[in-house]
> 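Sharing a structure here in structure tokens format.
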Amino acid sequence: MSSSFGTLFRVSTFGESHGVGVGAVVDGCPPKLELSEVDIQVQLDRRRPGQSDLTTPRQEADLVTILSGIENGLTLGTPIGLLVRNRDQHPDDYGELDAVPRPSHADYTYQVKYGVRASSGGGRSSARETIGRVAAGAIAEKVLRERWGVEIVAWVSSVGEVEAAAIDTNRVTRAQIDANPVRCPDAAAAEQMTALVRAVREAKDSVGGVVSCVCRNVPAGWGEPVFDKLEAKLAQAMLSLPATKGFEIGSGFAGTRLRGSLHNDPFVRKGNRLGTLTNHAGGVLGGISSGEPLLFRVAFKPVATIGQSQQTVDFAGNPVALAAKGRHDPCVVPRAVPIVEAMAALVLLDLALRQQARSG
């Protein structure tokens with residue numbers, strides 16, 4: 001199983017959704033960084049379940065413990081062990097699923113691949129695995145912010161057919177994002193999204209959406225062509241998240257409708273550097289950061305676990321009516337916001353350290 005990500009800043013996650021706990025081991029963190037659980041807990045609190053009636057009712061404080069790699073409040077340059085214990089497990093909710101692969105879940109494919117699987121809550125395929133990513137991402141983000149002034153802000157730009165209006169990506173803040181439970185900075189759209197999620201929850205159904213992200217103050221020069229291009233690593237990172245079904249950067253698929261004369265980003269002088277007048281490229285040229293803001297979007301499918309009865313079959317092929325008893329989010333995108341930010345931070349810091357190693 002591939003549970004590690006990164007080259008110089010390398011993160012390995014561990015744990016199952018209804019096991020003792022989940023977490024990560026971070027290798028390659030620079031030494032002498034001031035770090036405590038408080039730095040990490042901020043993002044875990046934004047990700048945790050039970051934040052509002054729009055999320056799963058599972059109650060987890062998701063308190064992180066640093067096991068290693070820190071002394072007297074400073075990183076040692078050695079592996080940092082991070083642990084979050086599971087407190088509100090209900091494995092009995094999944095008892096009848098031993099013989100039934102849930103529709104659109106990974107039960108069937110895990111069973112086929114390994115010949116065994118975690119029968120409660122999806123195990124490693126559960127979104128609870130992302131706790132380790134968020135904890136590690138919080139560390140990466142602190143390094144990026146303190147060394148390069150990088151800012152990473154993600155938000156919900158659509159839920160179902162409800163689209164948020166365009167926002168000022170140069171100024172949007174996390175405080176604005178967190179002002180409502182759906183994490184959309186467009187107040188009017190947020191109200192519609194909230195109503196939609198509540199209606200879907202009442203119907204025992206689910207709905208998908210899109211998370212957009214901007215990374216500001218990223219220096220020009222980050223990215224490793226040809227196979228480790230910046231946008232390629234971002235795509236890998238985002239599509240490794242549970243429930244993701246699409247990734248686009250800059251103008252994305254909409255850009256295919258433009259002529260080159262409209263899509264090109266002319267260069268202009270911006271202070272002591274070159275920049276671009278527009279940013280259809282999304283901050284990346286040739287797989288390398290251009291110095292313009294990174295702009296990308298991630299599509300999340302409707303949550304596969306729903307309370308409605310579904311006609312399916314068991315592993316033997318016998319017809320079964322299945323209604324899930326487990327607790328789940330009717331829409332995953334509000335809680336996905338800090339997860340997207342975390343994965344962006346992991347990509348950027350790893351590429352930053354690789355560029356730093358090259359330039360000395």
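The structure displayed is predicted, hence computed values, not measured ones.
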> Count I, L, V, M, F, W, Y as connected when their side-chain heavy atoms are under 4.5 Å apart, and connections chain through other members. Are L353 and L294 then in the same cluster?
yes

> Is a side-chain N or O of S251 found less than 3.5 angstrom from the main chain of A254, in a donor-acceptor match?
no

> What I'd like to find out is whether the side chain of V100 reaches to under 4.5 Å of the side chain of F315, using heavy atoms alone.
no

> How close do V156 and A164 get, counting heavy atoms only, and between which atoms?
O-CB, 4.4 Å

> Return the OG1 to CZ distance between T194 and R183, rounded to the nearest 0.5 Å.
12.0 Å

> Can you list everything that forms a side-chain contact (heavy atoms from CB on, under 4.5 Å) with Q236? Sequence neighbours excluded, please.
F5, K233

> Would you say that M193 contacts P334 through its side chain, given a criterion of any heavy-atom pair below 4.5 Å between the two side chains?
no

> Rounded to the nearest 0.5 Å, what's the gap from OG on S290 to CG on N279? Could you check?
6.0 Å

> With a cut-off of 3.5 Å and sequence neighbours excluded, list every side-chain donor-acceptor pair involving residues 146-155.
| unit_1 | atom_1 | unit_2 | atom_2 | d |
| --- | --- | --- | --- | --- |
| E151 | OE1 | R216 | NE | 2.9 |
| E151 | OE1 | R216 | NH2 | 3.2 |

> Identify the residue among L82, T75, D39 that makes a side chain to side chain contact (heavy atoms under 4.5 Å, CB included) with I139.
L82

> Within the structure provided, determine whether V313 and N318 are in side-chain contact (heavy-atom separation under 4.5 Å).
no

> Looking at side-chain heavy atoms only, is the closest gap between R198 and L54 below 4.5 Å?
yes

> Taking a hydrophobic cluster as the set of Ile, Leu, Val, Met, Phe, Trp and Tyr residues connected by side-chain heavy atoms closer than 4.5 Å, whether directly or through intermediates, do L196 and V303 fall within one such cluster?
yes

> Can you check whether Q308 reaches I306 side chain to side chain, under 4.5 Å on heavy atoms?
yes

> Work out which heavy atom in V218 is nearest to a heavy atom in S289; give both atom names and the distance.
CG1-CB, 3.9 Å

> First locate atom OG of S158, then atom CZ of F300, and finally report the distance between them rounded to the nearest 0.5 Å.
11.0 Å

> Any side-chain heavy-atom pair from W222 and I288 closer than 4.5 angstrom?
no

> Hey, does the side chain of E202 reach the backbone of A199 with a donor-acceptor pair shorter than 3.5 angstrom?
no

> Using atom types as modelled and distance alone, determine if a side-chain donor or acceptor of R269 lies under 3.5 Å from a backbone N or O of G271.
yes

> How long is the gap from CG on L234 to CZ on F296, to the nearest 0.5 Å?
5.5 Å

> Out of curiosity, L349 CG to K142 NZ, how far, rounded to the nearest 0.5 Å?
13.5 Å

> So which atom in P293 and which in V214 form the shortest heavy-atom distance, rounded to 0.1 Å?
CB-CG2, 3.9 Å

> If a pair satisfies side-chain hydrogen bond (donor to acceptor under 3.5 Å, both in side chains) and one of its residues is in residues 25-35, list it, with sequence neighbours excluded.
none

> Between V159 and V333, is any pair of side-chain heavy atoms under 4.5 Å apart?
yes

> For H280, check ring pair (Phe, Tyr, Trp, His ring centres under 6.0 Å) against everything at least two apart and list the hits.
H263

> Anything under 3.5 Å between a donor and an acceptor, one on a side chain of residues 108-115, the other on a protein residue two or more places apart or in another chain? List them.
| unit_1 | atom_1 | unit_2 | atom_2 | d |
| --- | --- | --- | --- | --- |
| T109 | OG1 | A106 | O | 3.2 |
| Q111 | OE1 | R117 | NH1 | 3.0 |
| Q111 | NE2 | G115 | O | 3.2 |

> Hey, any chance V347 and V143 share a hydrophobic cluster, counting ILVMFWY side chains that come within less than 4.5 Å of each other, even indirectly?
yes

> Applying side-chain hydrogen bond (donor to acceptor under 3.5 Å, both in side chains), which residue pairs with at least one partner in residues 292-302 are found, sequence neighbours left out?
E248-R297, K270-E292, R273-E292

> Taking it one step at a time, do E224 and K229 satisfy side-chain contact (heavy atoms from CB on, under 4.5 Å)?
CA-CA 5 Å; E224 299 293 326; K229 291 180 176 180; over 6 Å; no

> Taking all atoms of both residues into account, what is the closest heavy-atom pair of F253 and T256, and its distance?
O-OG1, 2.6 Å

> According to side-chain hydrogen bond (donor to acceptor under 3.5 Å, both in side chains), who are the partners of D45, at least two apart in sequence or on a separate chain?
Q41

> Let me have the donor-acceptor pairs involving side chains of residues 184-191, under 3.5 Å, with sequence neighbours excluded, atom names and distances please.
| unit_1 | atom_1 | unit_2 | atom_2 | d |
| --- | --- | --- | --- | --- |
| D186 | OD1 | A188 | N | 3.2 |
| D186 | OD1 | A189 | N | 3.4 |
| D186 | OD2 | A165 | N | 2.8 |

> Distance only, no hydrogens: is a donor on one side chain within 3.5 Å (strictly under) of an acceptor on the other, for H105 and T305?
yes

> So, using side-chain hydrogen bond (donor to acceptor under 3.5 Å, both in side chains) as the criterion, who are the partners of E141 when residues are at least two apart?
R174

> Hydrophobic cluster membership, with links at side-chain heavy-atom distances under 4.5 Å among I/L/V/M/F/W/Y: are L44 and F14 in one?
no

> Minimum heavy-atom separation for P266 to T278, with atom names?
CD-OG1, 3.8 Å

> Quick one, L33 with L74, criterion side-chain contact (heavy atoms from CB on, under 4.5 Å). Give me CA distance, side-chain angles, the key distance, then yes/no.
CA-CA 5 Å; L33 173 73; L74 297 176; over 6 Å; no

> With distance as the sole criterion, is a donor-acceptor pair present between the side chains of S3 and R124 under 3.5 Å?
yes

> Look at the side chain of N86 and the backbone N and O of G19, then say whether any donor-acceptor pair between them is shorter than 3.5 Å.
yes

> Decide yes or no on side-chain contact (heavy atoms from CB on, under 4.5 Å) for I177 and V172, but give the supporting numbers first.
CA-CA 8 Å; I177 304 304; V172 66; 3.6 Å; yes

> Supply the members, apart from V38, of the Ile/Leu/Val/Met/Phe/Trp/Tyr cluster built from side-chain contacts under 4.5 Å; use none for a lone residue.
none

> Could you tell me whether D228 and R354 make a salt bridge, using a distance below 4.0 angstrom between a side-chain N and a carboxylate O?
yes

> Remaining members of F227's ILVMFWY cluster at a side-chain heavy-atom cut-off under 4.5 Å?
V226

> Looking at R46, R133, R47, which one forms a salt bridge (charged side-chain N to carboxylate O under 4.0 Å, His left out) with E341?
R46

> For the atom pair CD (E129) and CD (E16), what is the distance rounded to the nearest 0.5 Å?
10.0 Å

> Specify the closest pair of heavy atoms between G123 and A118, including all atoms of both residues, with the distance to one decimal.
CA-CB, 3.6 Å

> State whether the number of non-hydrogen atoms from other residues, nucleotides or ligands found under 6.0 Å of R85 atom CZ is greater than 12.
no

> List the atom pairs, with distances to 0.1 Å, where a side-chain N or O of residues 61-68 and a protein N or O form a donor-acceptor pair under 3.5 Å, not counting sequence neighbours.
| unit_1 | atom_1 | unit_2 | atom_2 | d |
| --- | --- | --- | --- | --- |
| D62 | OD1 | R128 | NH1 | 3.2 |
| D62 | OD1 | R128 | NH2 | 2.7 |
| S68 | OG | P79 | O | 3.0 |
| S68 | OG | G81 | N | 3.0 |

> Give the cluster check for L8 versus L348: same hydrophobic cluster or not, with ILVMFWY residues linked at side-chain heavy-atom distances below 4.5 Å.
yes

> Could you check if a side-chain atom of F9 sits within less than 4.5 angstrom of a side-chain atom of L346, using non-hydrogen atoms only?
yes

